[in-house]
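The structure appears below as structure tokens.
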Amino acid sequence: MAVVTQYVVVRDGEEKMTFTTKAEADAHDKMLDMVDELLPLLERSETITDEKQIEDLAFFLAREREQVLIALGAKRPAKKKAPKSAEVMKNEKAAEDEAA
């Protein structure tokens, strides 16, 4: 018999999702917290009146929070590492060969 540990996100007495790691469950719970905060804001909008669309938009914004923060100027985008040139890789290889 195997023992399986599961982490269940429960909201208002209702099971929302089950995860295999605590970190995943915590991340999902945090996302649901964001959705709860976004819903009243989006409901005040006169551009979207359909409740399902408002909820879908709240979930989308919560999932894409990093990009939303960047778009709002609250966070800088992560710098992408430039790919190493062939010359740099050649020099690193030569240095490794000399050390060996």
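Numbers here are sequence positions counted from 1. Predicted model, so just to flag it, every value in this text is computed and none were measured.
- Listed by first then second residue, pairs satisfying ring-ring contact (aromatic ring centres under 6.0 Å, His included) with a partner in residues 15-42 read Phe19-His28, not counting sequence neighbours.
- Residues Leu57 and Gln53 form no side-chain contact, since every pair of their non-hydrogen atoms from C-beta on lies 4.5 Å or further apart.
- No single ILVMFWY cluster, assembled from side-chain heavy atoms under 4.5 Å apart, contains both Leu69 and Leu61.
- Between the OG1 atom of Thr18 and the OH atom of Tyr7 there is a distance of 12.5 Å, given to the nearest 0.5 Å.
- There is a path of hydrophobic side-chain contacts, each under 4.5 Å, that joins Met17 to Leu32.
- Minimum interatomic distance between Val35 and Ala62 (heavy atoms only, all atoms of both residues): CG2-CB, 3.8 Å.
- The CG atom of Leu39 sits 9.5 Å away from atom CD of Glu51, with the distance rounded to the nearest 0.5 Å.
- A continuous path of ILVMFWY side-chain contacts below 4.5 Å connects Leu72 to Met31, so both sit in one hydrophobic cluster.
- Within the structure, side-chain hydrogen bond (donor to acceptor under 3.5 Å, both in side chains) pairs that include any residue of residues 32-41 comprise Arg11-Asp33, Arg11-Asp36 (at least two apart or interchain).
- Salt-bridge formation is not detected for the pair Asp26/Lys30: no Lys NZ or Arg NE/NH1/NH2 atom is positioned less than 4.0 Å from an Asp or Glu carboxylate oxygen.
- A continuous path of hydrophobic side-chain contacts links Val9 to Phe59 [ILVMFWY only; heavy atoms under 4.5 Å].
- Residue pairs meeting the side-chain hydrogen bond (donor to acceptor under 3.5 Å, both in side chains) criterion with at least one partner in residues 38-47, sequence neighbours excluded, are Ser45-Thr47.
- Hydrophobic clustering of Ile, Leu, Val, Met, Phe, Trp and Tyr side chains at less than 4.5 Å, counting indirect connections, keeps Val10 apart from Met34.
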